[in-house]
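All remarks here apply to the structure that follows.
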There are 2 protein chains.
Amino acid sequence: MATIKDVARQAGVSVATVSRVLNSAGYVHEDTRKKVEDAILALNYSPNEVARSLYKRKSKLIGLLIPDITNPYFPQVARGVEDEMRENDYRIIIGNSDENEQKELDYLQTFTQNNVVGVITLTNNPDTNTYTSFSLPVVFLDRTSHDKPSVYADGRQGGRLAAEAIIAGGSKEVTIMQGPAHVKPAQDRYQGAVEALEEAGMDYHVIQTSTFSFHNVDVLAKNLFDTYPSTDGVIASNDLAAIAVIHEAVKRGRRVPDDVQIVGFDDIPISGLLSPALSTIRQPAYEMGRAAARLLIHLIDNKHNMENYIQFPVEYIERNTTRKVARN
Amino acid sequence: MATIKDVARQAGVSVATVSRVLNSAGYVHEDTRKKVEDAILALNYSPNEVARSLYKRKSKLIGLLIPDITNPYFPQVARGVEDEMRENDYRIIIGNSDENEQKELDYLQTFTQNNVVGVITLTNNPDTNTYTSFSLPVVFLDRTSHDKPSVYADGRQGGRLAAEAIIAGGSKEVTIMQGPAHVKPAQDRYQGAVEALEEAGMDYHVIQTSTFSFHNVDVLAKNLFDTYPSTDGVIASNDLAAIAVIHEAVKRGRRVPDDVQIVGFDDIPISGLLSPALSTIRQPAYEMGRAAARLLIHLIDNKHNMENYIQFPVEYIERNTTRKVARN
DNA sequence: TTGTACGCGTTATCAG
DNA sequence: CTGATAACGCGTACAA
């Protein structure tokens, strides 16, 4: 790797001059600039970001902490973050926390050790000391905090919409899957669903779910139908769960949506391709990722002209796991 | 952030000594070690990786270049890479190339600019100048190269297995989806399928597909049935395509697998949860990611005691989109 | 308009 | 066993 010194020598100038043309700072004669640029090309030089970062005490790196990239919802948001960051010349270090506080801490430390200029985190513990005493700008994505910059979807409204869809479709014995207790947005959805159901004067069952991963959703779905075999409407905690529920329902010979309606949450990309295609509440994951990235960049640049709490609306996507109803 | 100097001052020793205890290098008296450790704790010090990296000209970072994290196959391999790397104290910078050579180059540059010690890449262009003249250890994942360290699955065999499954299930008019021309493993699968079909003396159609992304698989599937409406067996280029094919088939009132058999490729996590669950050729994506990481670490450590070409076997997973046949 | 010299936080060498 | 000190590659006063 060529260094700035090599370029300087090749161009017959000092390193300071090279640095100047590199950063288009200060004055530099047109001719010398040309010489330097030629040298750069000739040597295929590109500046060492590490040295730069050491000197400036900040890099062009940001940290992204997600629960588990393997969960189909997260790649969308990760991609949104990445795209926006890339357009602004930032790169990302990524870590999977598995919702494990130790891993979370480890990664946060890695981030600071590498001079990242900010982090975007999808955490269940926004209010722990970890974050409150964190010295860099942090944007909380998906899992909100009151007084800190955050980007999230209107989970409560999402829960309502889901319940309303199920109700409109005529289900009489609804079961709500109440996502993991420690996952805030899951509880919001649950809240919203409960509210709508109660306002409609409907009875409902609740199934507690402890995880959002692939491994357990199938047993969860079994569980659901074992416990409430005659349920005819399921408000799933997310699309993954919903898919498992469809699977289990079909396996038990129950027709979807004729015998059981099912509505998911997230609208992961696969949902529209299922058979039957999943009716669900859409969160704009990709856009949320982008928004979080934009917000973080603003914070990094110390621009405080941006709203710190960005709530995204949520939308009911009617597909084929709910019964069509006439709309007015 | 406390620096090594702060620690030295606090402990009443020189930075050299602190460095020694940090790296457990050289001799340091038990008592002084204690003092230093106390100081470290007191100041909540952790070494600046950037400075370290500058001096040693290498970091604890590796670069991971994938086509698109949004495609459900890749998170698995990314996760495998991450887990293995993490266990070895490496962290990863991730980039989505979108199979775009410019982006690929950009990221490769970022990687070197940040002193990564190696890269794992899923690229279609392993033999371009980009890589042949790359100065760091590189492991090619999934998309192979002859003479360079690589980890891949036996796509050809996979294609055969897929075809054999379809044949065994009794399909008479098979259609093969031939993945993107520039994606080597897709062509391998195609090869294998063709071979098996021809050996069995069967006729078949071919549908050319140009991408692996979510956006186009549905029109692809439409296309397939528009062109070959009476096809009764589809060998999909991957699970995503297969899912779209199921969707389209069901939409057209064709029963799966009674009227059409379908077999996928990859075995992405969702495949087993579909209804009907997808019969597919399994590639151990997560393990492949891990293997690539291990291989890269070996290369970094200059251990040449490891096989440089790691081929993973592939496996037919019979689920419900193929007809059950008696096995001997 | 250009060059010299210092510092960013570490590690390694070498003298003590 | 310990402490100065020179690098690592870059950016920026400050001087010229």
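Chain letters run A, B, ... following the sequence lines, proteins first and then strands; every chain starts at 1.
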Exercise for review: Would you mind reading off the distance between A:D6 atom CG and D:dC8 atom P, rounded to a whole angstrom?
Suggested key: 11 Å

Check your understanding: If you measure from CG on B:L64 to CZ on B:F74, what distance do you get to the nearest 0.5 Å?
Key -> 10.5 Å

Practice item. Grab the CZ-C1' distance between A:R57 and D:dC10 for me, whole Å please. Key: 14 Å

Point to revise | Salt-bridge criterion met for A:R290 and A:E82 (N-O under 4.0 Å) | key: no

Review point. Quick one: B:L54 CG to C:dA12 P, roughly how many Å, whole number?
Key: 13 Å

Study note, to complete from the structure: Separation of D:dA6 atom C1' from B:I4 atom CD1, nearest Å, is 15 Å

Review point. Should A:K5 be listed as having a side-chain N or O under 4.0 Å from OP1 or OP2 of D:dC10?
Key: no

Practice item. Look at the side-chain N and O atoms of A:S53 and state whether any lies under 4.0 Å from the OP1 or OP2 oxygen of C:dC8. Key: no

**Study point:** Contact under 4.0 Å: A:S14 side-chain N or O vs C:dG3 OP1/OP2
**Key:** yes

**Study point:** Whole angstrom value for the distance that separates P of D:dG9 from CG of A:N115
**Key:** 18 Å

Point to revise | For atom CD of B:E49 and atom C1' of C:dC8, their distance in whole Å | key: 16 Å

Review point. What integer distance in Å separates B:N114:CG from D:dC10:P?
Key: 13 Å

Check your understanding: So, is A:Y45 close to the D:dC10 phosphate, meaning a side-chain N or O under 4.0 Å from OP1 or OP2?
Key -> yes

Review point. Atom CZ of B:F312 and atom CD of B:E287: how far apart are they, to the nearest 0.5 Å?
Key: 6.0 Å

Review point. Salt bridge check: are B:D142 and B:K184 linked by an N-O gap of less than 4.0 Å?
Key: no

Review point. How would you label the contact of A:V13 with the nucleic acid (heavy atoms, under 4.0 Å): base, sugar-phosphate, or nothing?
Key: sugar-phosphate

Point to revise | CD-OG1 distance between A:Q109 and A:T130, expressed to the nearest 0.5 angstrom | key: 11.5 Å

Check your understanding: Where is the tightest heavy-atom contact between A:R20 and A:Y27, given as atom of each residue plus distance?
Key -> CD-O, 3.7 Å

Check your understanding: How many Å lie between CZ on B:R52 and C1' on C:dC8, as a whole number?
Key -> 16 Å

Check your understanding: Roughly how far, to the nearest 0.5 Å, is NZ of B:K60 from CG of B:N88?
Key -> 8.0 Å

Under 3.5 Å, N/O pairs linking protein and nucleotides 12-16 of chain D:
| unit_1 | atom_1 | unit_2 | atom_2 | d |
| --- | --- | --- | --- | --- |
| D:dT12 | O4' | A:Y55 | OH | 3.0 |

